[in-house]
Amino acid sequence: MFKKILKGLAIGGTVLAMGATAQAADTININIYGASAQYKFWTAEAPEFLKGLGCAEADIYSAASKENQYVRGGVTYDISRDAGVSVCAGGAIAGTTITSGSGSSTFNGDTVVVRYTSKASYDGIRAVMAQSTDTDTDGCYADVSAYGYRLQANLDGADLVAYGGTPGALDTLTCLDVTIGASDVAAKTFSQTTSGMKYGNSTDSTNVSYTNSVVYGTNLDDPEEMGFTAARPIVVPFAFFAGTGVPYTNMTREMAVSLFSGKVAEWGMFDGSYDPNDESTYNTVVLCMRHAGSGTLATLNAAVMRGDANLPQAEKAYDNEDVLWGLAPVIYFNDGSSQLIECIQQAYTDGYAAVGYADADKCGTAGDSKTNVFRMTWMGEDGYADKIKYGVYDFWSAQWMYYNESGDTLTAVQALIDFASDSANMLSSKATFWAAQGDMQVEKGTDFTYPLMNYTKE
């Protein structure tokens, strides 16, 4: 889906031109780690970005897969993340000069590797700042010097498929330094603590009790205050999802604040005919939520709750006393958005009507396997790209990408940011929902700021 003839032309503000400067061939690694939207975007667009660097199609290869477990040093780690890689083979971009905001770099036979790994947003920030996780869940470091390492795509043994084909499978992941930390929200937006089963109501035997606390100023620092550069090239809308049995297809802000503050125990409470003393009318609300550290949870707090009510922090299972008395909804937290959608599906299987939230394009489209989960409208609107661009739909976040590099790597990273900011490079499968920053006619100064129109006539 490459949109431009490259050599000598601009890609979103990055100029590519042929040069004669010679330098030793090298390997440039751009390792993106964090928010799931980044993984989805670069799985499709990393080959196009490499082509934009002058890499011949015959020298571009990709692999991607979902790894559920990883064995390191005899210990099995449950990682539940998507990982992928695209490679421009050495020699393919010899003589190409890239000029960006950081200056110019001339490549001579360099190998460029772009990795993209999906993980909870807060760990993308921690990783790029070389901070530890709460526990060494990856098994990637034994001392502080390796805190910035996380499990990412391993080229060794990967089934690399040539440009234009479906990416091959990754056999293993390996511990590598993180170049770009990706997050749905800024570090300052994190203020959540949650506790409960790691994968909500999952019947998986690996589902264990889990507590996570991600609070800015306590265990998460602000990268910008420490000299990191922040870019926001991709804008992603979020949506509410419901299971079959939920009697509403549209979510209003009043409903959302009431539900996700734990104030509504029965769906009938939104109906004037509801009789709290008639047990036959009971229809227990199940909230499927994300654990602290999720940028989606932080966006719900910043863009929807907006300080008017607090999000719940503790799980309430079906046998919770308050739930049994009809005083509180069932509340389950989930480590990832895929588990959250599964939580809604499982609630339907268990005979309950659940609601949750995720990327707007996560589920609910034609052919989706979760036949008992559907996407709700928000304030009467769907979270389509044109709706967020022009100020009709406000439940969205511009994805944050933090980096602190120098030399050729910095130039390549900024070229990658410029590429992602240009709507001409938006992957066709996501263009219905996602927007490039360059197309936005509304803006948020921070995650807590309400989006305001910034439309200008040319």
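Computation of the quantities below employed the complete heavy-atom set of this structure, encompassing side-chain atoms and omitting hydrogens, waters and symmetry-equivalent molecules. Position 1 is the first residue of the sequence, and the numbers go up from there.
- Proximity of a side-chain donor or acceptor of Q346 to a complementary backbone N or O of N201 within less than 3.5 Å is not detected.
- K387 and D382 are not joined by a salt bridge, as no carboxylate oxygen comes within less than 4.0 angstrom of a charged side-chain nitrogen.
- In this structure, K444 forms a cation-pi arrangement with W396, its terminal cationic atom sitting closer than 6.0 Å to the ring centre and no more than 45° off the ring axis.
- Nearest heavy-atom pair across G445 and R232 is O-NH1, 4.2 Å.
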**Request:** Give the intermediate values and the outcome of salt bridge (charged side-chain N to carboxylate O under 4.0 Å, His left out) for residues D204 and K198.
**Result:** CA-CA 10 Å; D204 191 322; K198 190 170 185 177; over 6 Å; no
**Item:** Evaluation steps, side chain to side chain contact (heavy atoms under 4.5 Å, CB included), between S337 and R290
**Value:** CA-CA 7 Å; S337 56; R290 291 287 303 278; 3.9 Å; yes
**Message:** Go through it in stages, so that I can follow the logic: the residues are S86 and F49, the test is side chain to side chain contact (heavy atoms under 4.5 Å, CB included), and I'd like the CA-CA distance, side-chain angles, deciding distance and then a yes or no.
**Reply:** CA-CA 10 Å; S86 288; F49 167 68; over 6 Å; no
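- If you look at F395 and F240, their ring centroids are closer than 6.0 Å.
- In D159, the CG atom is crowded: over 12 heavy atoms of neighbouring residues, nucleotides or ligands sit closer than 6.0 Å.
- Between Y39 and Y116, the two ring planes are tilted [angle within 30° to 60°].
- Panel note: side chain E315, backbone M197; a donor-acceptor pair is recorded below 3.5 Å.
- A donor-acceptor contact closer than 3.5 angstrom links the side chains of D361 and W434.
- A salt bridge links K389 with D386; the closest basic N to acidic carboxylate O contact falls under 4.0 Å.
- By the 4.5 Å heavy-atom criterion applied to side chains, T111 and V87 are counted as neighbours.
- Of the N and O atoms on the side chains of T446 and T449, at least one donor lies less than 3.5 Å from an acceptor on the other residue.
- Considering only heavy atoms from C-beta on, N404 stays 4.5 Å or farther from V128 through its side chain.
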**Prompt:** Are F241 and F374 close enough, and set up right, to give a ring pair (Phe, Tyr, Trp, His ring centres under 6.0 Å), and what steps lead you there?
**Reply:** CA-CA 6 Å; F241 293 88; F374 65 92; 8.9 Å; no
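- Atom CG of D177 is separated from atom CG of N29 by 9.5 Å, given to the nearest 0.5 angstrom.
- The residues R306 and D394 are annotated as not salt-bridged, no charged nitrogen and carboxylate oxygen being separated by less than 4.0 angstrom.
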